[in-house]
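Every chain is numbered from 1 and lettered A, B, ... according to where its sequence line falls, protein lines coming before strand lines. Remember, predicted model here, so these are calculated numbers, not experimental data.
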Amino acid sequence: MVSTISRQVENLQGIGEAFGLAWQLVLTGDAALVEIVALSLQVSLTATALACLIGLPLGAIVATLRFRGREAVLILMNALMGLPPVVIGLLVYLYLSRSGPLGFLGLLYTPAAMILAQTILITPIVAALSRQVIEDLHVEYDEQFRSLCLSRGQTMRALIWDARYSLLTVGLAGFGRAVAEVGAVMIVGGNIDHLTRVMTTAIALETSKGDLPLALALGIILLVLALGVNAAVQSVRLTATRQAYV
Amino acid sequence: MSDLADRTVLRGRDIPAVARPARAPVLPLTLRGVTLQLAGQTILDGLDLDLGTRGCTVIMGPNGTGKSLLLKLLHGLILPTSGQIRWGALSPAEVTARQSLVFQKPMLLRRSVAANLDFVLQARGKDRGRRDALLDHVGLRHKSDQPARQLSGGEAQRLAMARALATDPDVLLMDEPTASLDPASTLAIETIMAEARDSGIRVILVTHDVGQARRMADDVVFLHRGRITEHREAPGFFARPDTEAARDFLQGNLVL
Ligand SMILES: Nc1ncnc2c1ncn2[C@@H]1O[C@H](COP(=O)(O)OP(=O)(O)OP(=O)(O)O)[C@@H](O)[C@H]1O
Ligand SMILES: [Mg+2]
């Protein structure tokens, strides 16, 4: 792998030239680049939104309600958090492939399939992390809320709202994981040009093809995005601390 | 009723605007053989207690003797291991709903001062227009927009009191509301408590502050090692406590 890359770099007369071209692509807003980035964001933001829509209430329910089988749900949530993305990709592929149970939907190799895979990938993360966040808060608020005779729904909504900063960072963590993931979207999306090519799969492909400038340009954007997510998490934490909301 | 009116006149104060004007008569409270065991330990041991329907009862006793847990029992937050707590014929859920408990460590929501009250008013189906009056009542109107968690200890206690009053309680249970407060904040809290009492709210106050107990109490319950060792009218208790423990406590001696 390393030797292939170095050979390709020689072909381009040095890594410096590749970087130069990459920056040019980024700065001029190259059409192919923009298309790939836009699809990436669209897929991962949608997946994050869906994961929050499912994972947040799920986390809140497990955090606040005592029911039979709760321990099992907790273990399952934590186990699902560690699922390897390729395995999720494979499972989604099997379901969506023509002979699979959901084959009739014709979703394989569409952005929808990638959204599905990423949603499955990060929902357990969002659920498990929000469960932790909300449960900690619940322990703190429980007596006061029982004293105020709040209903379960009121309690849950209040907990979610009061944990809003922490939950925002949970969402950001989910997005970071989704947008950086390669294996699952490669399998279910197929990395089809103009259709399902996202940043990570494009980087993998362009690197192996030898188009280092495009791969590097995407790499730069992905890196900036990752750093941006991190910075956002930090600033959310800072704001929350400053306002004494954590 | 005339007793209440007299007291209001005597103190030269009108019934506060935030209190409910007409309230149902408060029910007498009865404890019979109330025992509480936690983690295998008997914390409260066979309490018998009859509390009247008006005024302020002060509960005193050394640290760790079970005063906070007694308030939670009265409030219906925890159930006794054995024995009975009756508040008229009210069900436990009704008991909690008709009382407010200000905890020893008040828990404020991670929102603004005003939003803390909005939340309770809305959750309990009360008129949200009362929020500013409540804030005025506890002198926190000018802090409306500040995050509640940034309030000083005294301000936080006053917000907790405003929240407690927001639900129109028949009974106000207060757990050391002025511990670690300066004299001015203490006076502010005592004034709010006195106004609540004068408006007909039954006040039950846990305090270590003997001066405060003298100022507030109509009757005193003295708890010692999980038992009620005295329950008497305030003047008699302060003049001549029956038990040595209470006597030592009042004189500021170490009570073990
Ligand atoms: N959940 C619990 N499990 C076991 N023991 C408990 C629990 N809560 C309180 N206790 C114990 O019960 C005893 C009484 O506690 P409580 O808080 O009622 O004391 P207190 O009279 O309010 O004391 P203080 O004056 O310090 O506030 C203490 O010894 C405490 O350690
Ligand atoms: Mg206590």
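For L108(B), the part lying near chain A is the backbone, with the side chain staying farther off; criterion is any non-hydrogen pair under 4.5 Å. Within the 4.5 angstrom heavy-atom criterion, no atom of A164(B) approaches chain A.
Counted within 6.0 Å of CZ on R66(A), heavy atoms from surrounding residues, nucleotides or ligands total more than 12; the atom is thus considered enclosed.
Interface check for chain A: of the options A97(B), G76(B), A123(B), the most heavy-atom pairs under 4.5 Å are formed by A123(B). Top candidate by heavy-atom pairs under 4.5 Å with chain A, chosen from L101(B), L173(B), L109(B), is L109(B).
For residues 134-168 of chain A, a heavy-atom distance under 4.5 Å to chain B picks out L137(A), E140(A), Y141(A), E143(A), Q144(A), F145(A), R146(A), S147(A), L148(A), C149(A), L150(A), Q154(A), A158(A), W161(A), D162(A), R164(A), given by residue number. Residues of residues 107-126 of chain A lying under 4.5 angstrom from chain B, judged on non-hydrogen atoms, do not exist. Residues of residues 223-243 of chain A that come closer than 4.5 Å to chain B, counting heavy atoms only, are R242(A), Q243(A), ordered by residue number.
Applying the salt bridge (Lys or Arg N to Asp or Glu O under 4.0 Å) test to pairs two or more places apart or on separate chains, none has a residue in residues 110-126 of chain A.
Of all heavy-atom pairs between A244(A) and Q150(B), the closest is CB-CG, 3.8 Å.
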